[in-house]
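Just the heavy atoms: all of them, side chains too, but no hydrogens, waters or symmetry mates, feed the values below.
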Amino acid sequence: MSKHTEKIKEERKFVFNIEIERNNHNKFKLIKKKVTFPWSLGRGYEQKSGINCVRILPQVAGAGLMSGDNFFQRVYLGKDARAKVQDSGSMIVLSGQKGPASTHWEYTVDEGGVLILDSEPYCLLDNARCEVYNTFYLSDSATVIALDGFCHSKNLVEKFGFYKNETKVKSLDGKLILIDRQKALADSLHRLSKYVEKGSGAVGTINIFAVKKVSENLMVVVDDLDIPHARAAFNGISGFSIRLLAPSGGQLRNVTKHVLYQFEKKLKELVA
C-alpha cells in the first residue's frame, strides 16, 4: 500500500477534521472542514474578548454518545494559529449492550499556536460507560489549555458504569512525551464522596501545556476554587494539571469557566 493510499485511508476515519491557519492580516480561518455524522459545524467566529483567536462551536446530533459508538476527530492548528474550541452543551452518554461509547480526539498545534479546549463534562446516565482518548502533537512553542471531565447523578452512584480518560502528549514527529490515564468506577466515587458535601457528582481536569514562562504565569492567577482540587507539575514537559472534584456537573462547569476566564485574560498579556 502506497503512502498516499495509507494517508487517504487514515483521513477517512475522521468524522470531524478541521484545519486552521493564520493569514497575512492576522486573521484566523478554517482552511479545511470535513464534518460528517454525528457532527455539524458552522463557520468560525472571531472572539471579541480575551486573546485574538477564532472560536469554533461544534455540535453533535442528538447531543450524545450511544453504546458502541467509536468516533475519531482531528483538529490541526498551523503556525501561529489560535483557536478556541467550545462545546455547545454537555455530551450525554447513554448505556447499552454494545460496549462503551468511545471518542478519540487528535490535536496538532504547530509553532506559536494557541489552542483552548473549552469542554463541557460528559454526562453519564445510568450504567453508561465512556472512554475518551486525547492525543496532542505539540511544537515546543505551542500553548494548550484543555478542560475535560464527567458528571453523573450523585444519588445513583450504585448505577454508575465507568469513565476512562487517556491523554497522550507527543512531539510533532510523534515521539511520546507524556501519558496520563484516569479511570472512575462506582467504588471510586464512593471513596471520593466523603470529600464533598452532598456527594461527588463530577470530576474534572484542567491541563496546561506551554513554555515555562506561560504555564507558571497562568497558574499564578488560579485563586481559591471553593471545591476540592489538587495541582501538579508535569514531568517531561512544561505545564501543570489541576484535578477538580465537585458535587455536580453544573458546579464543576462554573469553576472551570471562572478559571478559563482568568487564563484568557492572562494569555492576552503573555502571547500578544
Any chance you could lay out the ring-ring contact (aromatic ring centres under 6.0 Å, His included) test for F234 and F209, step after step, and finish with the verdict?
CA-CA 9 Å; F234 288 120; F209 307 113; 5.1 Å; yes
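- Judged by distance alone, the side chain of T205 and the main-chain N or O of D148 form no donor-acceptor pair under 3.5 Å.
- A heavy-atom distance below 4.5 Å is not found between the side chains of L77 and R82.
- Geometrically, K34 does not engage F14 in a cation-pi contact defined by less than 6.0 Å to the ring centre and at most 45° from the axis.
- Donor-acceptor pairing under 3.5 Å is recorded for the side chains of T167 and N165.
- Taking 4.5 Å as the limit, some side-chain heavy atom of F150 sits within range of a side-chain heavy atom of V203.
- Of all non-hydrogen atoms in S119 and D87, the two that sit nearest each other are CA-OD2, 3.4 Å.
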F240 vs V222, side-chain contact (heavy atoms from CB on, under 4.5 Å): CA-CA, chis, key distance, verdict:
CA-CA 12 Å; F240 294 87; V222 180; over 6 Å; no
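- Evaluation of the side-chain contact (heavy atoms from CB on, under 4.5 Å) rule for L176 yields K168, K170 as partners, not counting sequence neighbours.
- Taking 4.5 Å as the limit, every side-chain heavy atom of N254 sits out of range of all side-chain heavy atoms of L252.
- Looking at every heavy atom in both residues, S139 comes nearest to G112 through OG-N, 4.2 Å.
- Contacts of R231 classified as salt bridge (charged side-chain N to carboxylate O under 4.0 Å, His left out), with partners at least two apart in sequence or in another chain: none.
- Among residues two or more places apart in sequence or in another chain, the side-chain contact (heavy atoms from CB on, under 4.5 Å) test is passed with D110 by Y76, L172.
- For the pair I51/K84, no side-chain contact is recorded, criterion being any heavy-atom separation below 4.5 Å from C-beta on.
- Between the side chain of E21 and the main chain of L30, no donor-acceptor pair closer than 3.5 Å is present.
- Residue K32 qualifies as enclosed at atom NZ: its count of foreign heavy atoms under 6.0 Å is above 12.
- Sorted by first then second residue, the salt bridge (Lys or Arg N to Asp or Glu O under 4.0 Å) pairs that include residues 250-263, not counting sequence neighbours, are D118-R253, D118-K257, E120-R253.
- Residues Y137 and V144 fall into different hydrophobic clusters, defined by Ile, Leu, Val, Met, Phe, Trp and Tyr side chains chained together at heavy-atom separations under 4.5 Å.
- N235 CG: 12 or fewer foreign heavy atoms inside a 6.0 Å radius.
- Taking each heavy atom of C130 and Y122 in turn, the nearest pair found is SG-CD2, 4.2 Å.
- L117 and Y133 are assigned to two separate hydrophobic clusters, defined by single-linkage of ILVMFWY side chains at heavy-atom distances under 4.5 Å.
- In this structure D226 satisfies the side-chain contact (heavy atoms from CB on, under 4.5 Å) test together with D224, sequence neighbours excluded.
- Heavy atoms only, all atoms of each residue included: F162 and F160 are closest at CA-CE2, 3.7 Å.
- A salt bridge is defined here as a Lys NZ or Arg NE, NH1 or NH2 lying under 4.0 Å from an Asp or Glu carboxylate O, and E19 with R74 meets this definition.
- Going from atom CD of E216 over to atom OG of S238 covers 7.0 Å, rounded to the nearest 0.5 Å.
- If you take OG1 on T256 and CG on L147, they are separated by 5.0 Å, rounding to the nearest 0.5 Å.
- Residues H104 and N70 meet the side-chain proximity criterion, which asks for heavy atoms closer than 4.5 Å.
- Using the six-membered ring where Trp is involved, F136 and Y107 have ring planes that are parallel, under 30° apart on the 30 and 60° scheme.
- Residues L138 and I177 form no side-chain contact, since every pair of their non-hydrogen atoms from C-beta on lies 4.5 Å or further apart.
- Of the possible donor and acceptor atoms, none in the side chain of K266 sits under 3.5 Å from a partner among the backbone N and O of V221.
- Counting heavy-atom neighbours within 6.0 Å of N24 CG, excluding the residue itself, gives a total of 12 or less.
- Ring pair W105/W39 is perpendicular by interplanar angle, where above 60° counts as perpendicular and below 30° as parallel.
- The shortest non-hydrogen separation linking I227 to L245 is CB-O, 3.4 Å.
- When all heavy atoms of C53 and A83 are compared, the closest pair comes out as CB-N, 3.9 Å.
- Listed by chain and number, the residues in a side-chain contact (heavy atoms from CB on, under 4.5 Å) with A210 are T143, I208, V214, S215 (sequence neighbours excluded).
- In this structure the side chain of L267 reaches within 4.5 angstrom of the side chain of I116, judged on heavy atoms.
- The CZ atom of R129 sits 13.0 Å away from atom NZ of K164, with the distance rounded to the nearest 0.5 Å.
- Atom-to-atom distance recorded for K29:NZ and I20:CD1 is 12.5 Å, nearest 0.5 angstrom.
- Within 6.0 Å of atom CG in D140, 12 or fewer heavy atoms from other residues, nucleotides or ligands are found, so the atom counts as exposed in its surroundings.
- The closest side-chain heavy-atom distance from F16 to P58 is below 4.5 Å.
- By the neighbour-count criterion of 12 heavy atoms within 6.0 Å, atom CE of M66 is sparsely surrounded, having that number or fewer from other residues, nucleotides or ligands.
- Panel note: side chain S141, backbone E111; no donor-acceptor pair is recorded below 3.5 Å.
- Atoms CD1 and SG, on I92 and C123 in that order, are 6.0 Å from each other to the nearest 0.5 Å.
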